[in-house]
Asker: 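Structure provided below as structure tokens; questions to follow.
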There are 2 protein chains.
Amino acid sequence: MSMHDKILEAAEARLRSGGYGAVSFRDLASDVGVKSASVHYHFPRKEDLGVAVVTAYTEKVFEALGMAMQARTPRDRLAGYIGVFRHALVEEDAICLCAMLGAEARGLPHQVAEAVRVFFQANIDWLDEALANASRKPKSAEIIAALEGAMLLANTMDSIAVFEDVADGLLSRTE
Amino acid sequence: MSMHDKILEAAEARLRSGGYGAVSFRDLASDVGVKSASVHYHFPRKEDLGVAVVTAYTEKVFEALGMAMQARTPRDRLAGYIGVFRHALVEEDAICLCAMLGAEARGLPHQVAEAVRVFFQANIDWLDEALANASRKPKSAEIIAALEGAMLLANTMDSIAVFEDVADGLLSRTE
DNA sequence: GTTTGTTTACCTATCAGTAGGTAGACAAAC
DNA sequence: GTTTGTCTACCTACTGATAGGTAAACAAAC
């Protein structure tokens, strides 16, 4: 993997566990085995790094969502969507990057906050399309809010039970 | 208001807009018109300040919830509960303190994270009691997750519409 | 095929600014 | 005269960011 990508990966991990303020060029440099000036070579300003991480994260998520869109019924597509979030929470043991940055949105550099907004709008659009011919369903923004909130609570209480309850609730209201 | 309380108020505002890392003793001192050493006099370590803010916030929220518990039906009590969160979002123009700190929980000093956990558990307990004799209702943790997620999304997209949609959805599933 | 110029990807060293935190002087209140 | 609250003055550690340099890779010119 290129140094560029290794830095992005390390930055995503630190962002997701501690937020924007918890990411420093020196820590990232140490994570990937270079000096902080070299991190600045790849991402001149912290804002550039923030935007790049969110953009890469968005692409990664929507690549995973590509398969979920293939499912036959709206309900199965929603189950696939939920699965992507569950994987992020359980396998990567961290909340969604944009849940963290969404909470901090008011204090973020404008371009970073805008990238987060784009992520959520893209999620709304994806769900609108995936559930277009459902006979009964919550609004797309409601689904996202429920899942992001469930991650947040699961993260704090250190229990994924609440996430599964929310997921079941959403699926039972969709067909 | 005492200097102690003025510092708590300023710290809450900064915590809710930028997170734990965005709060500095110097900024707080400037906010309330003293020097940073004086803030250290009231709250020796940042962790002490963090715990005190969460504790005071919890008390403030549950004081407001006291009235909501008086309502006659489970549905009305839920409406009152939602109203407390709506007020925090709309009137104070910020997400719930514990939504922010819950997202950052993994990177917080242990006692602060624990205070946040206590806040959420107290909310679960409150809802369990308020909706005890409802004939139909979401689980308490589901309600909290939905509302916290709705705040997060509303904060990022700068639109309270998603919050109202989530609130309506919760009320329609409760009676 | 060797010289020349350019780019990539890093380095060391340093900057001004800010972080949390402390020691000790001081004045007013009790 | 002791407690309370604030001050000045300082510390060490770390922040994002910049300057200037270097070794290797590559391509074009001769």
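So that the names make sense, note that chain A is the first sequence line, chain B the second, and so on, each numbered from 1.
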Asker: If you only use heavy atoms from C-beta on, which nucleotide in C/dC10, C/dC11, D/dT8 is closest to the side chain of A/K35?
Answerer: C/dC11
Asker: For A/V32, report the nucleic acid contact type (base, sugar-phosphate, nothing); a contact means any heavy atom under 4.0 Å.
Answerer: nothing
Asker: Picking from C/dT12, C/dC10, D/dC7, which would you name as closest to the side chain of B/S38?
Answerer: D/dC7
Asker: Using a 4.0 Å heavy-atom cut-off across all strands, classify B/K46 as base, sugar-phosphate, or nothing.
Answerer: sugar-phosphate
Asker: Just N and O in the side chain of B/H42: are any of them under 4.0 Å from OP1 or OP2 of D/dT4?
Answerer: no
Asker: At under 4.0 Å between heavy atoms, what does A/R45 touch on the DNA or RNA strands: base, sugar-phosphate, or nothing?
Answerer: sugar-phosphate
Asker: Taking the minimum atom-to-atom distance to the side chain of A/A37, which one of C/dG20, D/dT6, C/dT12 wins?
Answerer: C/dT12
Asker: Can you tell me how far CE of B/M157 sits from CD1 of A/I124, rounded to the nearest 0.5 angstrom?
Answerer: 4.5 Å
Asker: Which nucleotide in the list D/dA17, C/dA19, C/dC11 gets nearest to the side chain of B/D27?
Answerer: C/dA19
Asker: Can you list the steps and then say if A/L49 with A/I7 is a side-chain contact (heavy atoms from CB on, under 4.5 Å)?
Answerer: CA-CA 9 Å; A/L49 176 60; A/I7 293 169; 4.2 Å; yes
Asker: Closest approach to the side chain of A/R26, judged atom by atom: which nucleotide of C/dC10, C/dT14, D/dT18 is it?
Answerer: C/dT14
Asker: Check the orientation of A/H4 and A/F43. Use parallel for under 30°, tilted for 30 to 60°, and perpendicular for over 60°.
Answerer: tilted
Asker: In whole angstrom, what separates B/R14's CZ from C/dT18's C1'?
Answerer: 13 Å
Asker: Under 4.0 angstrom, heavy atoms only, what part of the nucleic acid is B/F25 near: base, sugar-phosphate, or nothing?
Answerer: sugar-phosphate
Asker: Can you tell me if the side-chain N/O atoms of A/Y41 get under 4.0 Å from OP1 or OP2 in C/dC10?
Answerer: no
Asker: Between B/A145 and A/V162, what is the shortest heavy-atom contact and its length?
Answerer: CB-CG2, 4.5 Å
Asker: In whole Å, I'd like the distance from the CE atom of B/M3 to the C1' atom of D/dT6.
Answerer: 9 Å
Asker: In whole Å, what is the span from the NE2 atom of B/H40 to the C1' atom of C/dG24?
Answerer: 16 Å
Asker: Is any NZ, NE, NH1 or NH2 atom of the basic residue among B/D158 and A/R117 found under 4.0 Å from an Asp or Glu carboxylate oxygen of the other?
Answerer: no
Asker: Give B/V39 one of three labels, base, sugar-phosphate or nothing, depending on what nucleic acid heavy atoms sit under 4.0 Å from its own.
Answerer: nothing
Asker: What is the distance, to the nearest angstrom, from the CD1 atom on A/I7 to the P atom on C/dA9?
Answerer: 11 Å
Asker: May I have the distance from A/F43 (atom CZ) to C/dA9 (atom P), rounded to whole angstrom?
Answerer: 11 Å
